[in-house]
Amino acid sequence: MPTTLLAFLGACLLVAAAPGPSTVLIIKESLRSRRAGFLTVLGNETGVFVWGVVAACGLTALLAASQLAYDVMRVVGAVVLLVFGVRTLWNARKGQGGEAVGPAVRERSAWASYRGGLLLNLANPKAAVFALSFLPQFVPSGAPHLPAMVGLAALWAVFEVGYYGLYVWFVGRMKAVLARAGVRRRLEQVSGGVLVLLGVRLAVEG
């Protein structure tokens, strides 16, 4: 069991280190504030846990087996990425940079950060199919399948909270440099462009 857990955590590290839409969104939100970045992480990892539970119940097998269901989710995911990317580019163009201007706006932004991380993960069909293929490999022989996979999904999500939390911390440490309007706007432009490109790629791939 300890050997299996170490192998699982090593695999989780490799998965988290691979750049993807969630990484881009977490960094983008961390440019606004540490709170926004961390809430985005929590939203994303809620999605990771949800897909893990769904995979444990065998429901993601339906998504993997049905081309129509996969294509629908792929298009939805592409639209979500494009919306996030275009909105980021628009805010950068207007010079907003995501700053809040009052308590009510900050509260809405906090919920929007969590919701954004959650939505981006849940709208990604690759995340669902990956959870289905990833988690069963680490279920110990003879262990109850459903509880073991749910436990692994929870451990996966907690591990990534810590991992992506380092991203949020690092961006916060660089705040003095990143707070400059020109730097912030350029980073917003880059992150928005990457999200748009990822959305286009997801939309056109088979």
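Numbers here are sequence positions counted from 1. Scope of the values below: all heavy atoms of this structure, side chains included, with no hydrogens, waters or symmetry mates.
Heavy atoms only, all atoms of each residue included: Pro136 and Ala131 are closest at CD-O, 3.8 Å. The minimum heavy-atom distance linking Ala17 with Tyr163 is given by the pair CA-OH, 3.4 Å. Considering all non-hydrogen atoms of both residues, Val168 and Gly37 come closest at CG2-C, 3.7 Å. Taking every heavy atom of both residues into account, Val76 and Ala123 meet most closely at CG1-CB, 4.3 Å. Taking all atoms of both residues into account, the shortest heavy-atom contact from Ala18 to Thr23 is O-OG1, 4.1 Å. Shown here for Glu160 and Val41, the closest heavy-atom pair between the two residues is O-CG1, 4.3 Å.
Residues Val158 and Val50 do not share a hydrophobic cluster, defined by chaining ILVMFWY side chains whose heavy atoms lie under 4.5 Å apart. If you chain together hydrophobic residues whose side chains sit under 4.5 Å apart, Val75 and Val80 never meet in one group. Tracing side-chain contacts under 4.5 Å through hydrophobic residues (I, L, V, M, F, W, Y), one never reaches Phe49 starting from Leu118; they form parts of separate clusters. Note: the hydrophobic cluster containing Val24 does not contain Val79 (ILVMFWY, side chain heavy atoms under 4.5 Å, direct or indirect links). A continuous path of ILVMFWY side-chain contacts below 4.5 Å connects Phe138 to Phe159, so both sit in one hydrophobic cluster.
Between the CG atom in Leu39 and the OG atom in Ser30 there is a gap of 10.0 Å [rounded to 0.5 Å]. Note that the CD1 atom of Ile27 and the OH atom of Tyr164 stand 9.5 Å from one another [nearest 0.5 Å]. Remark: Trp156 CH2 to Met149 CE distance equals 9.5 Å, nearest 0.5 Å. Rounding to the nearest 0.5 Å gives a distance of 11.0 Å between CG of Asn124 and CG of Leu119. Put simply, CZ on Phe84 and NZ on Lys28 are 7.5 Å apart, with the number rounded to the nearest 0.5 Å.
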Exercise. side-chain contact (heavy atoms from CB on, under 4.5 Å) between Glu29 and Arg34: does it pass, once the steps are laid out?
Worked result: CA-CA 8 Å; Glu29 289 297 306; Arg34 284 184 176 178; over 6 Å; no
Exercise. Should Leu135 and Phe8 be marked as a side-chain contact (heavy atoms from CB on, under 4.5 Å) after you check the CA-CA gap, both sets of side-chain angles, and the distance that decides it?
Worked result: CA-CA 9 Å; Leu135 294 176; Phe8 178 69; 3.9 Å; yes
Problem set entry | Worked check of side chain to side chain donor-acceptor pair (under 3.5 Å) between Thr46 and Tyr114 | CA-CA 9 Å; Thr46 301; Tyr114 176 85; 2.9 Å; yes
Exercise. Does the side-chain contact (heavy atoms from CB on, under 4.5 Å) test come out yes or no for Val161 and Phe38, once each step is laid out?
Worked result: CA-CA 8 Å; Val161 167; Phe38 191 68; 4.0 Å; yes
Exercise. Is there a ring-ring contact (aromatic ring centres under 6.0 Å, His included) between Tyr167 and Phe170 once you walk through the steps?
Worked result: CA-CA 5 Å; Tyr167 282 56; Phe170 179 76; 8.6 Å; no
For this session: Evaluate the ring-ring contact (aromatic ring centres under 6.0 Å, His included) criterion for residues Trp51 and Phe130: first the C-alpha distance (whole Å), next the side-chain angles of each, then the deciding distance (0.1 Å), finally the verdict.
Result: CA-CA 9 Å; Trp51 280 133; Phe130 181 77; over 10 Å; no
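Under the side-chain contact (heavy atoms from CB on, under 4.5 Å) test applied with Leu120, the options Asn44, Ile26, Leu81 reduce to a single match, Leu81.
By the 4.5 Å heavy-atom criterion applied to side chains, Leu152 and Phe134 are not counted as neighbours. Using a 4.5 Å heavy-atom threshold, the side chains of Ser113 and Arg35 count as separate. With a 4.5 Å cut-off on side-chain heavy atoms, Leu155 and Leu9 count as touching. With a 4.5 Å cut-off on side-chain heavy atoms, Val48 and Glu45 count as touching.
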